[in-house]
Amino acid sequence: MKRILYLLPLLLALAGCDKESNDVYAGNFGLSVREVYCNVAGYVSPLGKIGLYLDIGTTEPFGHTGYYIEKSVSQNGNTLTIWLGNVIDRGKGGFWVVAPIHTHVELPENITRLIVKSKGRTDQYNLSTLSTLTQVIPVGANSFSSFGHEYYFRRPENTFALISGTYTTNQYLHDEFVSQLLKTIPTLKETEFATDGLRPDSYILPWPEVSDGHYVNFPTRFFTYANPADFDKAGDVLKDFTLNKIASAEEGVTFSLSNFNDKDYYSWMILQGKQ
């Protein structure tokens, strides 16, 4: 009897978070700009071509992943218009998770005006997309949608990010790995994003600015390389370093390399024999 009583509040909470099928969603939407290389997570970028996309999500949670946002898209010259409608239940179930529902729209680089419509409401934005970033500026006051940032930096070609974290007693592993990386591949050049003069909350980088979840979280470091083989060499350096250094270190040490076209090397996957 007690077990049933314990479960009841959880079931009621899930029921309260779950929307009705085909709900006429009149809430707000969060927008962001993303760039992906291949076919992942609902994006349809042709394999081998970097694609720029708008990520659109409800600001209210739904009870499972079986929903999608009804939408239509039209382009007239440099203007992209998106109409957002109901939140539809596919009727095929989904994972039970309380989270917003997302959809994606391809963003051509020549778009300078974005119009978003939903339930008689209209928001407009001026867009400017360069090779380095996309800038978004609202036109007037927003009524139901918003971008989290003004500047969305893009992934420079032939660039990778080193994301790492350690335990308090082995922070030296970070500098030791960077030293080994530059010694093995002398053509690597460390680089930074041009964020000088920008408010920290006004921009977002295509990779995390700092690692997360470790006793010591290091700022992400970025490197450019001459050709694809150099990134594979960097992956070999990480494999060797993982097996000879990280494997014998205390738990909580992770290193990863992620390049501009979604190719990754992870120390924890190397330890599991999966890379």
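Heavy atoms only: backbone and side chains are in, while hydrogens, waters and symmetry mates are out. Quantities reported herein were computed from a predicted structural model and do not represent experimental measurements. In this chain, numbering begins with 1 at the start of the sequence shown.
Under the 4.0 Å criterion applied to side-chain N and carboxylate O atoms, Glu35 and Arg155 are not assigned as salt-bridge partners. Between Lys117 and Asp123, no side-chain nitrogen of the basic residue sits less than 4.0 Å from a carboxylate oxygen of the acidic one, so the salt-bridge criterion is not met.
For Glu106 and Tyr53, the side-chain atoms include no donor-acceptor pair closer than 3.5 Å. Judged purely by distance below 3.5 Å, without hydrogens or angles, the side chains of His214 and Thr166 never pair a donor atom with an acceptor atom. Side chains of His102 and Asp55: a donor-acceptor N/O pair is present below 3.5 angstrom, by distance only. At a cut-off of 3.5 Å, with distance as the only test, no side-chain donor of Asn28 or Thr59 sits close to an acceptor on the other residue. Neither side chain, Gln75 nor Thr79, offers a donor N or O lying under 3.5 Å from an acceptor on the other. For the 3.5 Å distance criterion, the side chains of Tyr266 and Thr242 fail to qualify, holding no donor opposite an acceptor. For the residue pair Thr191/Thr224, the side-chain donor-acceptor check at 3.5 Å is not satisfied.
Tracing side-chain contacts under 4.5 Å through hydrophobic residues (I, L, V, M, F, W, Y), one never reaches Ile163 starting from Val253; they form parts of separate clusters. In the hydrophobic clustering of ILVMFWY residues, with side-chain heavy atoms under 4.5 Å counting as a link, Phe62 and Phe144 come out together. Follow the hydrophobic side-chain contacts under 4.5 Å out from Val73 and you reach Ile56 in the same cluster.
Classified by interplanar angle (parallel below 30°, tilted 30° to 60°, perpendicular above 60°), the ring pair Phe160/Phe231 is tilted.
Around atom CG of Asn76, no more than 12 heavy atoms belonging to other residues, nucleotides or ligands sit under 6.0 Å away. More than 12 heavy-atom neighbours from other residues, nucleotides or ligands sit within 6.0 angstrom of CD on Gln272.
When Asn78, Thr81, Asn126 are each tested for a side-chain hydrogen bond (donor to acceptor under 3.5 Å, both in side chains) with Arg113, only one passes: Asn126. Ser118 pairs in a side chain to side chain contact (heavy atoms under 4.5 Å, CB included) with only one of the listed residues (Trp83, Tyr25, Phe29), which is Phe29. Val116 pairs with exactly one of Leu31, Asn142, Thr122 by the side chain to side chain contact (heavy atoms under 4.5 Å, CB included) rule, that one being Leu31. Partner of Phe177 under the ring pair (Phe, Tyr, Trp, His ring centres under 6.0 Å) criterion, out of Phe218, Tyr265, Tyr172, Phe241: Phe241 alone.
Taking all atoms of both residues into account, the shortest heavy-atom contact from Pro156 to Phe260 is O-CB, 3.3 Å. For the residue pair Arg121 and Ser143, the shortest heavy atom distance occurs at CB-OG, 3.8 Å.
Close placement of the Phe222 and Trp207 rings is indicated, their centers lying within 6.0 Å of each other.
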